[in-house]
Protein chains: 2
Amino acid sequence: MQPNSKTQLINYVQNFVSLEDDEAQQFATAFEEVKVKKRQFIVQPNFTNKHRSFVVKGAFRTYAITNEGQDHTLQFAIENWWASDFNSYIYQHPATLFIVALEDSTILQIEYEKEQELKKNSHKFETFFRIIAEKGLAFEHRRILFNLTHDAEARYENFSLNFPNFANRVPQYALASYLGMSTEFLSRIRNKRARAKS
Amino acid sequence: MQPNSKTQLINYVQNFVSLEDDEAQQFATAFEEVKVKKRQFIVQPNFTNKHRSFVVKGAFRTYAITNEGQDHTLQFAIENWWASDFNSYIYQHPATLFIVALEDSTILQIEYEKEQELKKNSHKFETFFRIIAEKGLAFEHRRILFNLTHDAEARYENFSLNFPNFANRVPQYALASYLGMSTEFLSRIRNKRARAKS
DNA sequence: AGCAGATCAAGAAAAAAGGTTGATGTAGTT
DNA sequence: AACTACATCAACCTTTTTTCTTGATCTGCT
């Protein structure tokens, strides 16, 4: 419960709405710090995702397993990103996704009920949550469009350009399944580009 | 869903109460077969333990992590044992324990509600669950007494005498934390005894 | 036929888990 | 004060698991 992680959250929030000291205080105390070990799950199918989690430190992968056993990565989250099974969280229905820590991590979690309360009692907090939702939605639109219109190599290039942090930090199999290609194929793409550089 | 695993369960139950064919049938169909991979959790803190699990094949470890990060094994379960966070299961409250597969395993799970139904509608099933609870309780009493009155080496010797299967099958760190000693110390005890034999 | 990409199989490489050993420390006996 | 019964720490080794790489073969387009 270092003050640090909460400060980080508040700084993040201030990017979107400006908070008075007491508001910042109120927002911060609604969250609880949790440490999560690598490979630990914070969301699992069949259990309702009761928290929204802000990543203070570490990395997470959100993925689904199809009935045929195929693994599809839907999202990554590192510092200053959020992790949740959004469908489970906002409807408070059982989750269908897994969210697993890729590294030892620290997160700040807010309970669903608590979040509703914050939003209900404060126009500003309402605004904040709207903004991050809209940005998230816009991001996904760009992503879907890009994926539909580009081949595997372009998707990889685009991703590693936009998120060099992620590209080097997440395991290759996870990135491949995020970009919609086999891990072998991604390995070849990377190799080819590495060779091209030298 | 091999008939095999259900037969195994029924045979186990018949050790305690004798079932007519239709009763056996009814009991068996209340359970669902689930395959669990090594290192997968079937119970985790904060999630309610909704099932009682009968181990058909494989091995599990039930443990707690203290706030200081210490790991304490409370139970092992192999073939024909049960695994659950009992406090979470019977009160249907969030669990405080972890239950993890030590090997690739097969279990038969019954839902809490389903179990209540079985017991309510059948005196015999009620008896069965009472018996296994009483035996479990008696076992824990013996264990607590023994632990209070014996030193580390005796505890190990007693355990490996009573459960030679477990002693050779579960990882040493898990056994050490079950027997209440450090893994290094258990390593030394084992070494000493091995040398004594030759 | 040629391309983008999948799948399979075999290994290599890297990381993690599990176990051992020696050194040192400590609380409670004798 | 020495002894017993352990713990803790650190270094190191071994084994297992995970992750990545590469070649070979296959498939569905265009």
Side-chain angles (χ1 to χ4, degrees), chain A residues 36-41 58-59 61 63 66 68-73 76 98 100-105 147-160 166-196, chain B residues 36-41 59 61 63 65-66 68-73 76 98 100-105 146-160 166-195:
Chain A
V36 182
K37 286 279 194 179
K38 183 168 177 177
R39 288 202 178 79
Q40 196 180 316
F41 289 89
R61 176 167 84 103
Y63 64 101
T66 65
E68 298 80 48
Q70 275 181 291
D71 176 316
H72 294 280
T73 299
F76 295 110
F98 298 86
V100 70
L102 295 170
E103 308 171 0
D104 291 355
S105 305
N147 284 180
L148 285 174
T149 53
H150 294 77
D151 69 6
E153 185 162 358
R155 295 200 300 277
Y156 171 68
E157 185 164 1
N158 180 252
F159 183 88
S160 59
F166 283 75
N168 301 315
R169 206 161 143 188
V170 305
Q172 197 179 56
Y173 67 85
L175 182 52
S177 97
Y178 178 84
L179 294 174
M181 66 187 79
S182 69
T183 155
E184 294 95 330
F185 198 65
L186 176 53
S187 172
R188 287 181 238 264
I189 288 174
R190 281 182 150 171
N191 236 285
K192 181 176 147 197
R193 316 198 83 252
R195 255 178 290 122
Chain B
V36 182
K37 287 278 194 181
K38 183 170 176 176
R39 284 196 185 85
Q40 194 180 319
F41 289 88
R61 176 168 85 103
Y63 65 100
I65 302 276
T66 65
E68 297 80 48
Q70 275 181 290
D71 176 317
H72 294 279
T73 300
F76 294 111
F98 298 85
V100 70
L102 295 171
E103 307 170 1
D104 291 354
S105 305
F146 194 92
N147 284 180
L148 286 173
T149 53
H150 293 78
D151 68 9
E153 184 162 359
R155 294 199 300 275
Y156 170 67
E157 184 164 0
N158 179 251
F159 183 88
S160 58
F166 284 75
N168 301 315
R169 206 163 143 189
V170 304
Q172 197 179 60
Y173 68 84
L175 182 52
S177 96
Y178 178 84
L179 294 174
M181 67 186 79
S182 69
T183 155
E184 295 95 329
F185 198 65
L186 177 52
S187 172
R188 287 182 239 265
I189 288 173
R190 281 182 149 171
N191 236 285
K192 182 178 147 198
R193 315 197 87 251
R195 255 177 290 123

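Every chain is numbered from 1 and lettered A, B, ... according to where its sequence line falls, protein lines coming before strand lines. Computed from a prediction, not measured in an experiment: that's the story for all the values here.
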Under 3.5 Å, is there any donor-acceptor pair linking the side chain of B/Arg188 to the base of C/dG22? yes
Rounded to whole Å, CZ of B/Phe185 lies from C1' of C/dT24 at a distance of 15 Å
By nearest-nucleotide position on DNA chain D, the 5'-leaning member of A/Pro171 and B/Ala152 is B/Ala152
Applying a 4.0 Å non-hydrogen cut-off, can you work out what A/Arg39 is touching in the nucleic acid: base, sugar-phosphate, or nothing?
sugar-phosphate
* **N/O (side chain, A/Lys38) to phosphate O (OP1/OP2, C/dA15) under 4.0 Å** => no
Scanning both residues in full, the closest heavy-atom pair of A/Ala101 with A/Lys37 reads CB-O, 3.5 Å
Could you tell me whether B/Lys37 contacts a base, only the sugar-phosphate backbone, or nothing, with contacts defined as non-hydrogen atoms closer than 4.0 Å? nothing
- Assign A/Tyr173 to base, sugar-phosphate, or nothing according to its heavy-atom contacts below 4.0 angstrom with the strands shown. sugar-phosphate
- Does OP1 or OP2 of D/dT21 have a side-chain N or O of A/Gln172 closer than 4.0 Å? yes
Between A/His150 and B/Asn191, the residue closer to the 5' end of DNA chain C by nearest nucleotide is A/His150
In whole angstroms, the gap separating C1' of D/dT17 from CG of B/Leu102 amounts to 15 Å
Nearest heavy-atom contact between B/Ser105 and B/Ala59 is OG-N, 3.3 Å
Exercise. Between C/dT7 and A/Ser182, is there an OP1 or OP2 to side-chain N/O distance shorter than 4.0 Å?
Worked result: no
In whole angstroms, the gap separating C1' of D/dA7 from CE of B/Met181 amounts to 12 Å
Whole-Å distance, B/Leu186 CG to D/dA5 P, equals 16 Å
In whole angstroms, the gap separating P of C/dC3 from CD of A/Glu153 amounts to 14 Å
Taking every heavy atom of B/His150 against every heavy atom of B/Arg155, the minimum-distance pair comes out as O-NH1, 2.8 Å
A/Arg190 atom CZ is separated from D/dT19 atom P, nearest whole Å, by 14 Å
In whole angstroms, the gap separating P of D/dT17 from CD of B/Gln40 amounts to 15 Å
field: Polar pair under 3.5 Å, donor/acceptor by atom type, side chain A/Glu184, base D/dC20
entry: no
- Message: Could you check whether B/Phe159 and B/Tyr178 have their ring centres less than 6.0 Å apart?
- Response: yes
note: B/Leu175, atom CG; C/dA17, atom P; distance rounded to Å ~ 20 Å
Heavy-atom closest pair (A/Tyr156 atom, A/Leu175 atom, distance to 0.1 Å) is CE1-CD2, 4.0 Å
